[in-house]
Amino acid sequence: MSSYFQGARTELLASTIGDKLRETTARFPDREALVSRHQDRRFTWRELDSTVDEWARGLLGSGLVVGDRVGVWSTNCWEWVALQLACARAGLVLVNINPAYRSHELGYVIAKSRMKALFLWAQDQRANYREILSQASHQPEHVIYFEPGKSYWDRAIEPGAADSGHVVNIQYTSGTTGSPKGVLLTHRNLLNNGMLVGRQMKLTEHDRICLPVPLYHCFGCVMGVLASVVHGSTLILPNWTYDAGAALAAVDADRATAIYGVPTMFIAELEHPDFARFDLSSLRTGIMAGAPCPIEVMRRVVDQMHCREITIAYGQTESSPVITMSSADDPLEVRVSTVGAPLPETEVKIIDEAGQTVPHGMQGELCTRGYLVMKGYDGEPEATARTVNPEGWLRTGDLAVMRADGGCNITGRAKDMIIRGGENVYPREIEEFLYTHPKVADVQVVGLPDPRLGEAVCAWVRLKSGESMDEDELRGYCHGRIAHFKVPRYIRFVDGFPMTVTGKIQKFKIREEEVERLGLKFAMRATA
Ligand code: AMP
């Protein structure tokens, strides 16, 4: 039996995101749609829909035309959700930018996406975004600062009909080739993924989702916002950025029935000093995803957080994002030992290096096909062709094993990505950035096991002859230019790297040597 599985057949949604929002509003006009606890703002579906209308008209009134790209560089706030839905309704393309990005990364994304407008807060406790933007290599035509109570629009133009096959969102992901690539995603891709993900959790208009994950990532804006738009569930934003206490308080005070997170977030919640003081009895379900989910953590989320129907999802940005997901009904054993089976209308196969589908139980690269596969990488036809073949199969770069019932296990990564607390870090991207330091001759970046974050970034640096530098100087160069989660935790200055006879650098040896030297074996066990 070969490792191929086709999810159940179901009717996919043909509507656009804007139309689906209209439909849900008509069904539940007075139910709560969105709560931003840190901003003290609440919207019913009717209020959200009319705000989205106003913003969609305003965006077009400010000179943007259908197909234009609109960036959002912000932590979680109601404005982010309004902009996402308004762009969809106006036929504009939202470009998500990680709020942790700094000038080097921001300039790159502004240029690469050719965005016409950028929405951001001028500053917050974490950063002065206005200043970081001024240091970026490229600037968008329009820069609009979010401000409480501000009226953004001078002129209104009624949107025309949007098309569900059109690109509505660009999300950046790095792949193995260094610089971030823009993943082009359509209404059909995203709305259907949101629909199917919500269905696995049996979401209804009576559910309330606590969303501590960032909106800029598909976990937030698709599995959170769009699942809520399709099923009429309330979306609760606990804070601007992740805070375990705020997430627990949101569940308690706002009676959430579902909670999302990467494993690191659930661990932080379970370990919060006031954990026992929060009433989490309203919880029923949720999603853990984004990185390997330890069985022990799953069990504690079921027992101590009352999420009897917690699910695991696996996927990637290029697949809208969810490919496989367990269901609220699956026995706990299935939910803790696999990442679930392919969602409806989703094909999955596991292939070997020759491209042949492997037998059940054998490891290979997971590939997927169906409505969920991205339209492509923005302006990068070669990279797209390497990732999606002419038959429509997307290569994920993840290694997996499939069971006879379609349940999959993620066993490793074909690409050498580091997952640090749920944030993907691409060694090549950090290496290329560190090369830009005038004293650096060569550099190799690897991930080391870390008991708290899963993995931590380590850089081995060879300096140009005659140069000297210490760790602080190199870290200082990183701060403000690249996101904090990419700044190496461990830096070692070396004279050379372990090589094969053919001159290929052996990163696994760097990893082994550091694990030995730093005494990280315990951490490896904890994250295995
Ligand atoms: P992103 O494109 O940021 O969503 O990252 C996707 C990558 O995260 C995948 O290609 C996997 O390597 C990893 N990933 C996501 N979900 C899981 C999971 N449930 N278990 C293991 N790895 C995961």
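Note that ligands are numbered from 1 as they come in the structure, with each ligand's atoms numbered from 1 the same way. On a predicted model such as this, the values are computed, not experimentally measured, just so you know. These values consider heavy atoms only, across backbone and side chains, with no hydrogens, waters or symmetry-generated copies.
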Minimum side-chain heavy-atom gap L196-V322 below 4.5 Å: no
Under 3.5 Å: N/O of Y314 near N/O of ligand 1: no
Salt bridge present between D450 and R489 (N-O < 4.0 angstrom): yes
Any G315 heavy atom less than 4.0 Å from ligand 1: yes
Per-atom contacts, ligand 1 versus A313 - under 4.0 Å to a heavy atom: 16 (N), 18 (C), 19 (N)
Test side-chain contact (heavy atoms from CB on, under 4.5 Å) applied to D243 - qualifying residues, sequence neighbours left out: N239, A246
Spacing of NZ belonging to K349 relative to CD1 belonging to I351, to within rounding of 0.5 Å: 6.0 Å
Geometric N/O contact H217 with ligand 1, under 3.5 angstrom: yes
Contact with ligand 1 for M417, non-hydrogen, under 4.0 angstrom: yes
M288 near ligand 1 by a heavy-atom separation under 4.0 Å: no
Mode of V339 contact toward ligand 1 - side chain, backbone, both, neither (heavy atoms, under 4.0 Å): side chain
Test: R395 and E318 ion pair at under 4.0 Å: no
Close approach of P321 to ligand 1, heavy atoms, under 4.0 angstrom: no
The one among V322, I419, N424 that brings a heavy atom closest to atom 13 (C) of ligand 1: I419
Any N/O pair Q316/ligand 1 closer than 3.5 Å: yes
Atoms of ligand 1 close to T317 [distance to a heavy atom under 4.0 angstrom, numbered from 1]: 1 (P), 2 (O), 3 (O), 4 (O)
Counterpart residues, side-chain contact (heavy atoms from CB on, under 4.5 Å), relative to V336 (two or more places apart): I295, M298, R299, L332
Ion pair check, R9 and E345, cut-off under 4.0 Å: yes
